[in-house]
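Right, one structure below, let's go through it.
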Amino acid sequence: MAIALAAVMLPISVTGPGVALADMSGALHASAASTQWVLNAYNVAFTAFMLAAGSAADLFGRRRLFLSGTTVFALASLVAGTAPTILLVDLARFVQGMGAAAVLTSGSALLAHTFSGAARARAFGIFGASIGFGLAMGPFVSGLLVGVASWHAVFLVNVLLGAIVLVLARPLPESKNPGARRIDLPGVLTFTLALMLLALGFVEGPSQGWGGIVTLGSFAGAALFLALFVVVELRVAEPMFDLSLLRRPTFVAIIWQPVSIVFAFAALLVYLPPYFQGAGGAGSTMSGAMLLPLTLPVFILPLFTGTLVRLLSVRLLLAVGPAVLAVALLLMTFTDPLSSRTGLYAALLLAGVGIGLAFGVMDNAAVSVVPAERSGMASGMFNTLRVAGETIGVACVGGLLLTSTRQQLSGTGGGASGAMADDVVQGRLGSVRESGGQDLVDRAVQGLQHGWNVVYVVLACVALAGAVAIFTMVRDRDLDQSSTAQDG
């Protein structure tokens, strides 16, 4: 119960701020770039410390890390919910992401250690459904909280949930890897710097220019530290990212599979609410409700994991998911939140079905192809790439959306197109209306819709590439043999 509730709590921290961005940026007088770091600071820390958390779970104990991570997560949520400046919110979100990494990695490792065989499949099905429930209800609940209270409540609700998780988690059994001896600190440092610089490049690209010194320097620094990370992992005795596991094609495909899913999913959850609020004229509550066709299947389908696996192979489920998502994203190019909401809801529902098909099986698949004593590391590697996909997806889509919208608006007001793009992407059409009236608002909305069409096509290509990779690289016999060995 504690792990399931934690799996509900973490997605709310990703989707909630997306609904609250427009209110938050206005209240704290924040720019588009600084507001985007509310999202990126959490995602970067979440991703960067995932591998270290997996190693720490094996070394110090999975239950201990689960409790510690939940405590850090709740306290950081309290700071973010009461912060008077955008800078303090960003810093609190970074710490919150560190706690989230510990919670997710240790929680899934506890499940892998406690259950096996069919029971493990059911446990991870519930785990995936819990994540789906948090994703499904996060935007809607956050929209209600913003509408009834304020953006502060989006963060403060996690303080209450964290306290409940701590109470429920006390009876959990402790487990660890007796062979683990230390945490790979050089690996943590190089990976964190690589990810932060990569996110910085995508965030600053629209304002600094994609060929500017800051942007190119950030990408070059990210490549350098990523290369150093690989060198470190090859030389240390106990790497947190065991590159030897990458010799297994099935494991490689499975840990990369979530990237093809969450790259699009996280970006849609974050940036669609301001789109609905601005171009669609929806309020904060309605903008959250409009995401339910996308998110509800992600909650419901993992509940039927056992039945789906009997009807279709794990390999087919993992491949069909991103393929269906790609089709849905292409259909999104024919919709907009004003004139074709029925078509919009249908496309979002199809996207949710594709994501939900994969969510119930991919966590169990990742830990099923490695020995049980290495489940912490496998979980860390898998979740690192899953959250890395979210982090890069949110940062990349944010930059791409701003750039493509700004280019489309470049003929409407010269240098003012940059500020106008910032406003329309964040859902602040009031500022645009004050500048040039309804005619300028209409042109701004058209520019934003063009930007979204570019985003939909790019995300569809990423999802389709993931479907092809899964179908060609994953072998069902690898999963079946692993499951049989663990049952025995």
Side-chain angles (χ1 to χ4, degrees), residues 1-20 24 38-39 41-43 45-46 49-50 53 62-83 89 92-108 110-111 123 126-172 266 269-270 273 284-285 288 291-292 295-296 298-299 302 359 363 383 387 390:
M1 179 64 73
I3 297 174
L5 181 57
V8 172
M9 177 178 67
L10 299 184
I12 292 177
S13 298
V14 176
T15 59
V19 177
M24 186 188 309
V38 174
L39 310 172
Y42 177 87
N43 289 333
F46 199 0
F49 289 94
M50 194 73 70
R62 290 138 191 170
R63 175 183 176 274
R64 178 180 298 175
L65 194 70
F66 185 83
L67 295 174
S68 300
T70 302
T71 302
V72 170
F73 181 89
L75 292 176
S77 300
L78 178 62
V79 174
T82 56
V89 174
R93 287 282 285 170
F94 188 85
V95 176
Q96 189 186 33
M98 295 172 61
V103 173
L104 182 62
T105 305
S106 57
S108 56
L110 278 170
L111 290 179
I126 295 173
F127 184 71
S130 299
I131 293 176
F133 181 77
L135 292 170
M137 299 308 297
F140 179 66
V141 171
S142 298
L144 285 176
L145 290 172
V146 173
V148 174
S150 69
W151 65 266
H152 301 276
V154 171
F155 299 106
L156 296 178
V157 69
N158 285 316
V159 180
L160 174 61
L161 292 177
I164 297 173
V165 169
L166 287 174
V167 172
L168 294 176
R170 292 296 175 184
L172 288 175
L269 291 175
V270 167
S284 56
T285 302
L291 287 176
L292 289 177
T295 55
L296 280 177
V298 183
F299 160 58
F359 258 48
D363 288 270
N383 285 305
V387 184
E390 296 177 359

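Just so you know, residue 1 is the first one in the sequence shown, and it goes up from there.
Separation of atoms OH (Tyr42) and CZ (Phe73) is listed at 4.5 Å; rounding is to 0.5 Å.
Here the closest non-hydrogen pair linking Arg63 and Arg170 is NH2-O, 2.8 Å. Here the closest heavy-atom approach between residue Ser106 and residue Val103 is recorded as OG-O, 3.4 Å. The shortest heavy-atom contact between Ala45 and Ala101 is O-CB, 4.5 Å. Ala80 approaches Val89 most closely through the heavy-atom pair O-CG2, 4.0 Å. Scanning both residues, Pro17 and Leu39, for their nearest heavy atoms gives CB-CD2, 3.9 Å. Looking at every heavy atom in both residues, Leu65 comes nearest to Ala53 through CD2-O, 3.1 Å.
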Pair up each side-chain donor or acceptor in residues 138-167 with any protein partner under 3.5 Å, not counting sequence neighbours, and list the distances.
{"residue": "Ser142", "atom": "OG", "partner": "Gly138", "partner atom": "O", "Å": "2.7"}
{"residue": "Ser150", "atom": "OG", "partner": "His152", "partner atom": "N", "Å": "3.3"}
{"residue": "His152", "atom": "ND1", "partner": "Gly81", "partner atom": "O", "Å": "2.7"}
{"residue": "Asn158", "atom": "ND2", "partner": "Ser13", "partner atom": "OG", "Å": "3.1"}

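Residue pairs meeting the side chain to side chain donor-acceptor pair (under 3.5 Å) criterion with at least one member in residues 65-75: none, sequence neighbours excluded.
With sequence neighbours left out, Phe66 forms a ring pair (Phe, Tyr, Trp, His ring centres under 6.0 Å) with no residue at all.
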